[in-house]
There are 2 protein chains.
Amino acid sequence: MTDTPPRTRIQQRNRETILGAALEVFSQHGFRGATLDQIAQAAGLSKPNLLYYFPSKEAMHEALLAGLMDTWLAPLRALDPGGEPLDEILGYVHRKLLLSRDFPRESRLFANEILQGAERIRPTLEGELKTLVDQTAAVISGWAREGRIAPVDPYHLIFSIWALTQHYADFDVQVRAVLGPGKDDPFDGADRYLATLFSRLLTP
Amino acid sequence: MTDTPPRTRIQQRNRETILGAALEVFSQHGFRGATLDQIAQAAGLSKPNLLYYFPSKEAMHEALLAGLMDTWLAPLRALDPGGEPLDEILGYVHRKLLLSRDFPRESRLFANEILQGAERIRPTLEGELKTLVDQTAAVISGWAREGRIAPVDPYHLIFSIWALTQHYADFDVQVRAVLGPGKDDPFDGADRYLATLFSRLLTP
DNA sequence: CGTGCCCCTGACCGTTTGGTCAAATGTTTT
DNA sequence: AAAACATTTGACCAAACGGTCAGGGGCACG
């Protein structure tokens, strides 16, 4: 909708550099807590130069959120209604956890946004996201009705998958503080634990 | 440690008013995003008056966090190593969920803090919290070894309880956006769902 | 080799920020 | 009622904020 086609190579490169730096800063401090100077320094560019590529601080934030929703919803879209129920759900959990591991900054950006009222993305939540969840919930309910998985509230099932997987990205600091240093990656342990958890929950 | 004994009634009243307003603002915008003017307006006091009771914006934030940790850890401390394992854990889940329902602002304040690096409370996480979790994990491991609950990684079990219960406070906007309006309270559904989830996970 | 366009920057602007201070107003004590 | 103390505030400040702008470099293409 608000697509800005990159005319030259250098434009594309700098836009990406700026968005990368903005992601770093926004995800750590939230929108209001982030400053253009921080982003400029992280990007290695001057502040006026940022504003040559983006009309405002808010435009950078919007660009990030817009690009994020697709990535974020992809694993849920990939859930196959024709597949084996338990495999599909466990696969979704696994993919979502990988997303948290590989894109923690995106996860925190999203968390910051929701936490602070989600005023910039509430329409998307109530529209696109709700629709997708409703569809998936119907599929899961169908599986339960057919006895292929144990009966569960499909909405809370989805919420629990989000909560559990995103926790390891958003609360990474706390997880590592509690586990202590040196141990192997929290995500490995989480992967096994979550597979067990949802298997026991859903096996009829 | 940094206790400031309230000398007069009016001091105590105003301190509480200010902390309440600060909680409201900090939990919505994060530390850097919150302004003294916002807090002053929410408290119905003038900005210099705030700084008569607290030396700085940061002091208000610290006072809130200090008061928060006790409340937050109380349900975990209340877990009885001598009790019936499943009841104890389900009880803990229930108490933690009630905390999320009744103190969502506190939950979001904490979430904001962790999300943004937890620099102000990392010592507490690595000290007091880690110690308490280590003890509880040992208790749970003991229960599992005795065959009184199914074998699980106790640390990830605790993380999952935190993630699931706090999700309903921190991501409240998203939960309600997806569920749509009118339905009954998300916390009621969550309470039943979480009881089922952890029963199926832990029953040997 | 110059002309035109895209890229970049130092200097600057108005506003908001956290915080200070002297003075005014309450309140308590004697 | 006056002295002593606690509370409150308008005016103010330096720094940081998001954003603007005129102009200077660099690069492509004739």
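Each chain gets a letter, A, B and so on, in the order its sequence line appears, and its residues count up from 1.
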Look for any protein N or O under 3.5 Å of an N or O in nucleotides 14-21 of chain C and output each such pair with its distance, or none.
{"unit_1": "dG18(C)", "atom_1": "OP1", "unit_2": "A34(B)", "atom_2": "O", "d": "3.0"}
{"unit_1": "dG18(C)", "atom_1": "OP1", "unit_2": "K57(B)", "atom_2": "NZ", "d": "3.0"}
{"unit_1": "dG18(C)", "atom_1": "OP2", "unit_2": "L36(B)", "atom_2": "N", "d": "2.8"}
{"unit_1": "dG18(C)", "atom_1": "N7", "unit_2": "K47(B)", "atom_2": "NZ", "d": "3.3"}
{"unit_1": "dG19(C)", "atom_1": "OP2", "unit_2": "K57(B)", "atom_2": "N", "d": "2.8"}
{"unit_1": "dG19(C)", "atom_1": "O6", "unit_2": "K47(B)", "atom_2": "NZ", "d": "3.3"}

Under 3.5 Å, which N/O atoms of the protein pair with N/O atoms of nucleotides 28-30 of chain C?
none

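Think of the region where chain A sits on DNA chain D: with heavy atoms and a 4.0 Å cut, that region ends 5' and 3' at dC17(D) to dC21(D).
Atom CG in N14(A) sits about 9 Å away from atom C1' in dC7(C), given to the nearest Å.
Geometrically, R200(A) does not engage F198(B) in a cation-pi contact defined by less than 6.0 Å to the ring centre and at most 45° from the axis.
With respect to T165(B), the side-chain contact (heavy atoms from CB on, under 4.5 Å) criterion is satisfied by exactly one of H94(B), R95(B), K96(B): K96(B).
Interface residues of residues 111-121 of chain B facing DNA chain D, ordered by number: none; criterion, heavy-atom separation under 4.0 Å.
Listed by chain and number, the residues in a side chain to side chain donor-acceptor pair (under 3.5 Å) with S27(A) amount to none (sequence neighbours excluded). Here R192(A) pairs with D188(A) under the side-chain contact (heavy atoms from CB on, under 4.5 Å) rule; sequence neighbours left out.
For Y52(A) and dC7(C), the shortest distance from a side-chain N or O to OP1 or OP2 is below 4.0 Å. Side-chain nitrogen and oxygen atoms of Q11(A) include at least one within less than 4.0 Å of the OP1 or OP2 phosphate oxygen of dC7(C).
Crowding of E84(A) atom CD: a count of heavy atoms from other residues, nucleotides or ligands under 6.0 Å exceeding 12.
Ring orientation note: the planes of Y168(B) and F159(A) are nearly perpendicular, at an angle over 60° on the 30°/60° scale. Below 30°, between 30° and 60°, or above 60°: for F26(A) and H61(A) the angle between ring planes is above 60°, a perpendicular geometry.
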**Request:** Take Y155(B) and D134(B), measure what side chain to side chain donor-acceptor pair (under 3.5 Å) needs, and give me the verdict at the end.
**Result:** CA-CA 8 Å; Y155(B) 288 94; D134(B) 283 341; 2.5 Å; yes

**Prompt:** Does the pair Q28(B) and R108(B) meet the rule for a side-chain contact (heavy atoms from CB on, under 4.5 Å), with working shown?
**Reply:** CA-CA 7 Å; Q28(B) 267 185 30; R108(B) 282 193 277 267; 5.8 Å; no

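No side-chain heavy atom of L164(A) sits less than 4.5 Å from a side-chain heavy atom of L97(A).
Within 4.0 Å (heavy atoms only), I10(B) reaches sugar-phosphate atoms of the nucleic acid but no base atom. Residue contacts shown for Y53(A) are limited to sugar-phosphate atoms, with no base heavy atom under 4.0 Å away.
Looking at R15(B), its side chain does come within 3.5 Å of a backbone N or O of Y53(B) through a donor-acceptor pair. When atom types are taken as modelled, the side chain of E113(A) and the backbone of A118(A) share no donor-acceptor pair closer than 3.5 angstrom.
Using a 4.0 Å cut-off between charged side-chain N and carboxylate O, E128(A) and R122(A) make no salt bridge.
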